[in-house]
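Below is one structure, written out as structure tokens; the observations come after it.
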There are 2 protein chains.
Amino acid sequence: MASEHQLAPNEIDGLLTQFHEYLDKKQLRSTRQRDIVAKTFFGLSGHVNVDELLAHARTRSPKLGYATVYRTLKLLTECGLAAERRFGNESRVYEVAGDTAHHDHLICVECGHVLEFENEEIERLQDKVARSFGFTLVRHKLELYGMCPRARGIRGGSCPSEKLSGDGDAEAASK
Amino acid sequence: MASEHQLAPNEIDGLLTQFHEYLDKKQLRSTRQRDIVAKTFFGLSGHVNVDELLAHARTRSPKLGYATVYRTLKLLTECGLAAERRFGNESRVYEVAGDTAHHDHLICVECGHVLEFENEEIERLQDKVARSFGFTLVRHKLELYGMCPRARGIRGGSCPSEKLSGDGDAEAASK
DNA sequence: GTATCTGCAAATCATTTGCATTCTA
DNA sequence: TAGAATGCAAATGATTTGCAGATAC
């Protein structure tokens with residue numbers, strides 16, 4: 001999918017430690033399942049949906065259920081290690097925190113493929129706007145919806161915008 | 001709600017005409033219910049959710065059902081007269097098209113109140129980014145989440161950010 | 001030991017769909 | 001009149017919740 005790099009094992013451990021610290025602080029318990037869900041999540045890249053995460057996590061803990069995954073993702077989101085996203089009408093996907101801070105999304109309205117980009121200047125302006133209203137910016141969500149070059153020409157045809165993203169990954173047929 | 005102005009009757013009629021043209025073009029039928037839903041929608045300002053819209057529309061057509069409202073909103077969205085939004089985990093709300101073109105949202109993470117803003121410069125940059133990927137920008141969604149001044153000081157207290165927006169409308173207790 | 005967590009199944013919520021009936025072109 | 005739209009109710013899909021048993025502290 002988009003432009004994410006797998007995290008290195010030591011990075012994963014770092015995030016897991018942060019998770020544990022959060023659990024401690026909130027006097028919640030550190031359990032085998034929570035660790036599995038968290039580590040599995042950190043090990044995945046890009047936009048992770050609940051089904052995917054559950055499937056992967058079940059290789060380590062077969063009886064794991066949706067409820068636990070949802071509950072754990074909620075915790076991860078609370079402590080900032082995961083970020084929820086929703087594109088168009090799709091259902092939720094989650095991203096690992098590290099990525100989160102500084103990238104936004106460019107979505108092809110024809111083929112649905114999602115690219116990621118960063119733009120310091122836009123971020124700066126966002127901050128400025130927020131401050132002008134007296135707000136302290138916590139996070140933001142910017143999604144650009146457009147037509148990729150192919151889609152614009154060949155309306156109705158397939159729209160392999162991923163060919164443009166430089167990470168050659170054929171997931172456009174999804175959904 | 002945010003900073004919307006009620007549309008004038010002639011503006012509403014204009015939009016309704018556009019809707020009819022779209023229906024024509026698609027060879028769909030113009031019906032009493034569709035008109036009622038559309039006009040009711042155009043007459044509401046700000047972020048309209050389906051329940052609200054249904055409730056209002058039922059004053060004119062009591063047996064109107066959810067299905068029709070959803071189906072009509074889908075049409076309105078297709079032809080660009082409505083825009084779907086989704087903030088955080090809330091369910092969908094719709095905005096009338098006119099508004100849509102050039103404003104984005106600033107949301108207080110404490111009190112949930114939503115302000116609107118416009119920023120030409122950000123728009124320009126968005127366009128630039130999209131073009132740099134070869135995309136033609138169709139629409140965008142920018143949401144800034146932050147803490148309003150009161151919330152930052154008085155954590156846990158109420159967060160009447162609407163007091164700042166200059167349109168003195170007390171809907172913060174919503175949700 | 002006790003409060004918290006898990007896993008299951010049942011519940012909920014928003015949205016969509018099937019179908020008999022009603023209406024528009 | 002034929003094809004499309006409505007309104008109801010039932011279906012769906014995603015997410016949440018209740019609860020009995022398992023587990024962490």
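Per chain, numbering begins at 1; letters A, B, ... match sequence-line order.
Bracketed by its first and final contacts, the part of DNA chain D lying under 4.0 Å from non-hydrogen atoms of chain A reaches from D:dA14 to D:dC25 in 5' to 3' order.
Using a 4.5 Å heavy-atom cutoff, the side chains of B:Asp104 and B:Asn119 are not in contact. Proximity of A:Arg92 to A:Leu73: side-chain heavy atoms (C-beta onward) are nowhere separated by under 4.5 Å. For the pair A:Ile107 and A:Glu143, the minimum side-chain heavy-atom distance is below 4.5 Å. Within the 4.5 Å cutoff, side-chain heavy atoms of A:Arg32 are placed close to those of A:Ile36. Counting heavy atoms from C-beta on, the side chains of B:Lys74 and B:Thr77 never come closer than 4.5 Å. A heavy-atom distance below 4.5 Å is not found between the side chains of B:Val138 and B:Thr136.
Nearest-nucleotide positions on DNA chain D for A:Asp24 and B:Lys63 put B:Lys63 closer to the 5' end. A residue-by-residue look at A:Pro62 and B:Arg92 shows that A:Pro62 has its nearest nucleotide of DNA chain C further toward the 5' end.
Distance, A:Leu75 CG to C:dT4 P: 14 Å, rounded to whole Å. Rounded to whole angstrom, the span from the CZ atom of A:Arg34 across to the C1' atom of C:dT6 amounts to 9 Å. Atoms CZ (B:Arg86) and C1' (C:dA14) sit 9 Å apart, rounded to a whole Å. One atom, CZ of B:Arg71, and another, P of C:dC19, lie 13 Å apart when rounded to the nearest Å. Between the C1' atom of C:dG7 and the CZ atom of A:Arg58 lies a distance of 10 Å, rounded to the nearest Å.
Counting only heavy atoms from C-beta on, B:Val50 has its side chain closest to C:dT15 among C:dG18, C:dT15, C:dT16.
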Scan nucleotides 21-25 of chain C against the protein and return all N/O pairs shorter than 3.5 Å with their distances rounded to 0.1 Å.
unit_1, atom_1, unit_2, atom_2, d
C:dT24, O3', B:Ser30, O, 3.4
C:dT24, O2, B:Arg29, NH1, 3.0

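Shown here are the salt bridge (charged side-chain N to carboxylate O under 4.0 Å, His left out) partners of A:Arg34, two or more places apart in sequence or in another chain: there are none.
Shown are A:Phe41, A:Tyr94, A:Tyr70; of these, the side-chain contact (heavy atoms from CB on, under 4.5 Å) with A:Leu53 is made only by A:Phe41.
Between the side chains of A:His140 and A:Asp127, not a single donor N or O lies within less than 3.5 Å of an accepting N or O.
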